[in-house]
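Read through the structure below, which is laid out as structure tokens, and then see the notes.
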Amino acid sequence: MKLQIKLALYNTLTKLAIIVFTGLLILFSLEKITYAHISLRLRNKKDLFIKNLSSKEINQILNQQQSFTNYNILKEEYIFLKPIPYQANRTSKESFSTQPRTIEKNTDNYLILTYKFNFDGHSYLLEIGDTMDAVIQLKQTIREFTLLMLVVALLLTLVIDLIFTKYLLAPFYQIIDRKLIKVNDPMNFDYGKIETTTQDFKLLDDSISTLMKKITDLFILEKQFIANVSHELLTPISIISSRLENVLLNEELKEDSENKIFASLKTLNRLKSIINSLLLISKVENNQFNKNDEIPIAGIINEVYLELEDRLEDRKVTFENKIKYARSIRGNHSLMHTVLFNIINNSIKYNKEQGSITVTDYLTPDEYILEIADTGTGMSEQQIEKAFNRFEKLDTDEKESYGLGLAIVKSITTFHDIKIQVSSASDKGTAIKLIFNQQLH
């Protein structure tokens with residue numbers, strides 16, 4: 001999970017916990033809140049009624065009856081007024097209670113404000129009631145509103161956090177993309193600073209650049225060392241080989257000595273091959289080859305097949321060329337020949353007797369893919385991970401293997417911006433895919 005998502009979720013869950021706690025607190029306090037609201041409304045009605053009260057109005061209200069009752073059309077609210085025995089020292093007092101009341105033969109429970117007061121030498125009892133259905137309805141309204149606000153707050157929090165963390169982490173992802181993911185060669189590293197106001201990201205940017213500078217220096221030293229040592233070693237190897245070949249021309253040479261010289265020459269040739277392979281890798285990585293050739297993929301496959309036809313027959317390996325598309329690549333012809341030669345040669349070398357090698361190709365909207373599959377011994381996942389390392393050899397009795405074939409393939413494919421994928425399993429063969437972008441034609 002991305003850091004951006006984790007931060008957004010963390011912020012959202014934290015705020016959600018606060019919102020839920022607040023919501024639950026409101027829900028648990030809903031009863032008190034509702035009663036307090038209805039009580040305040042009844043008290044306001046009582047104050048308004050008392051404020052507008054006059055002797056004339058009371059006489060009109062109470063004329064011809066002992067009490068007065070008024071209610072709305074839904075019978076949800078009512079006002080009741082009646083005279084009570086007069087007490088000169090009566091203090092105005094109000095109280096709340098929940099009681100049943102019958103209005104036009106309908107009995108309901110009401111929250112009732114009861115108020116006794118003196119007015120113009122008389123005492124009166126005032127009741128203002130609100131049905132309990134109104135209380136329940138208010139509770140439901142508050143509950144639904146609270147839940148709605150919780151959901152809205154949660155969604156807004158998640159969206160805002162995602163937008164903010166995306167903005168906050170944008171420099172971080174730029175650093176990862178430009179200075180790690182897209183860096184295939186330390187020599188082409190981008191040392192430009194990423195614009196950010198976050199000190200931590202500035203530190204990360206500077207640290208990666210400093211580390212890459214050290215790696216680049218070491219990389220240059222390594223390539224120079226390999227190139228220099230390889231050049232220096234080739235000369236004495238050639239001299240020793242020539243001298244040993246001259247010694248072999250001596251007719252008086254004993255058979256035992258002759259065998260030892262042959263073995264020495266074979267070892268020198270093996271050493272020469274290793275050095276030439278290292279030189280090739282060094283030159284490729286130093287971009288010492290041009291990429292101006294028009295290379296037909298199918299044509300190189302045919303060239304390699306003709307070169308390795310004898311080996312195929314010796315190992316009784318069947319070669320199937322199922323290429324359907326005539327595609328070409330702009331690059332270095334000899335290097336691409338080396339790539340396909342090494343891959344197919346490995347497919348022969350590690351194949352089973354009477355096995356097979358199949359070359360196929362197919363197109364996707366963006367890529368051209370060439371696949372070389374064999375029925376050989378295959379590789380485990382650990383071996384696949386190390387397959388392109390220099391001097392990494394499979395567990396095999398193959399004496400001619402130096403562990404540089406796939407290392408050369410990797411260097412050349414990187415030089416040509418070709419992706420390479422390996423899928424394999426022990427005793428189930430290996431399939432190597434070369435993935436070209438659609439600049440092919």
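In this structure, Lys213 is not positioned above the aromatic face of Tyr191 in the sense of NZ or CZ being under 6.0 Å from the six-membered ring centre and within 45° of the axis.
Residues Phe172 and Ile194 are not in side-chain contact: their nearest non-hydrogen atoms beyond the backbone lie 4.5 Å or more apart. Within the 4.5 Å cutoff, no side-chain heavy atoms of Tyr305 are placed close to those of Val359. You'll find the side chain of Ile323 reaches within 4.5 Å of the side chain of Leu370, heavy atoms only. In this structure, Pro171 and Thr198 have side chains that are not in contact, with every pair of non-hydrogen atoms separated by 4.5 Å or more. Contact check for Asn109 versus Pro100: side-chain heavy atoms found under the 4.5 Å cut-off. Between Ile175 and Leu180 the shortest side-chain heavy-atom distance does not fall below 4.5 Å. Counting heavy atoms from C-beta outward, His416 and Val339 have side chains that stay 4.5 Å or more apart. Arg327 is not listed as a side-chain neighbour of Phe436, based on a closest heavy-atom distance of 4.5 Å or more.
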* **Steps toward side chain to side chain contact (heavy atoms under 4.5 Å, CB included) verdict (His333, Ile300)** => CA-CA 8 Å; His333 188 282; Ile300 295 186; 4.1 Å; yes
* Asked: Ile420 and Thr414: side chain to side chain contact (heavy atoms under 4.5 Å, CB included), yes or no, with the steps?
  -> CA-CA 9 Å; Ile420 184 166; Thr414 301; over 6 Å; no
* **From CA spacing to verdict: side chain to side chain contact (heavy atoms under 4.5 Å, CB included), Tyr350, Asn346** => CA-CA 6 Å; Tyr350 298 108; Asn346 275 357; 4.0 Å; yes
* To do: Apply side chain to side chain contact (heavy atoms under 4.5 Å, CB included) to the pair Leu335 and Leu280, showing each step before the final yes or no.
  => CA-CA 9 Å; Leu335 291 181; Leu280 176 60; 3.8 Å; yes
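Remark: Ile208 CD1 to Leu204 CG distance equals 4.0 Å, nearest 0.5 Å. Atom CD of Glu385 sits about 11.0 Å away from atom CE of Met379, to the nearest 0.5 Å. One distance of note links CZ of Arg315 with OG of Ser347; it measures 11.0 Å at 0.5 Å rounding. Taking OH of Tyr110 as the reference point, atom CD of Glu127 lies at 11.5 Å (rounded to 0.5 Å).
Residues Ser334 and Asn332 bring a donor and an acceptor atom of their side chains to less than 3.5 Å of each other. For the residue pair Lys202/Thr196, the side-chain donor-acceptor check at 3.5 Å is not satisfied.
Between the Gln383 side chain and the Ser380 main chain, a donor and an acceptor come within less than 3.5 Å of each other.
Tyr325 meets the ring pair (Phe, Tyr, Trp, His ring centres under 6.0 Å) test with no other residue; sequence neighbours excluded. Listed by chain and residue number, nothing satisfies the salt bridge (Lys or Arg N to Asp or Glu O under 4.0 Å) test with Asp47 (two or more places apart in sequence, or in another chain). Applying the ring pair (Phe, Tyr, Trp, His ring centres under 6.0 Å) test to Phe262 and every residue at least two apart in sequence or in another chain returns nothing. Every residue two or more places apart in sequence or in another chain that forms a salt bridge (Lys or Arg N to Asp or Glu O under 4.0 Å) with Lys193 is listed here: Asp206. By the ring pair (Phe, Tyr, Trp, His ring centres under 6.0 Å) test, Phe289 is found to be paired with no residue, residues two or more places apart in sequence or in another chain being considered.
The number of heavy atoms from other shown groups lying within 6.0 Å of CD (Glu381) does not exceed 12. For Glu195, the CD atom sits in a loose shell: 12 or fewer heavy atoms of surrounding residues, nucleotides or ligands are nearer than 6.0 Å.
With respect to Glu294 and Arg330, a salt bridge is recorded, a charged nitrogen being found less than 4.0 Å from a carboxylate O. A salt bridge links Arg41 with Asp130; the closest basic N to acidic carboxylate O contact falls under 4.0 Å.
Considering all non-hydrogen atoms of both residues, Leu42 and Gly129 come closest at CD2-C, 4.1 Å.
Of the candidates Asn321, Ile348, Leu308, Ile343, Ile348 is the only one forming a side chain to side chain contact (heavy atoms under 4.5 Å, CB included) with Ile357. The one candidate from Asn351, Thr358, Thr430, Asp427 that meets the side-chain hydrogen bond (donor to acceptor under 3.5 Å, both in side chains) condition with Thr375 is Asn351.
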For residues 406-413, dump all side-chain donor-acceptor pairs below 3.5 Å to protein atoms at least two apart in sequence or in another chain.
unit_1, atom_1, unit_2, atom_2, d
Ser411, OG, Ala407, O, 3.2
Thr413, OG1, Val409, O, 2.8
Thr413, OG1, Lys410, O, 3.0

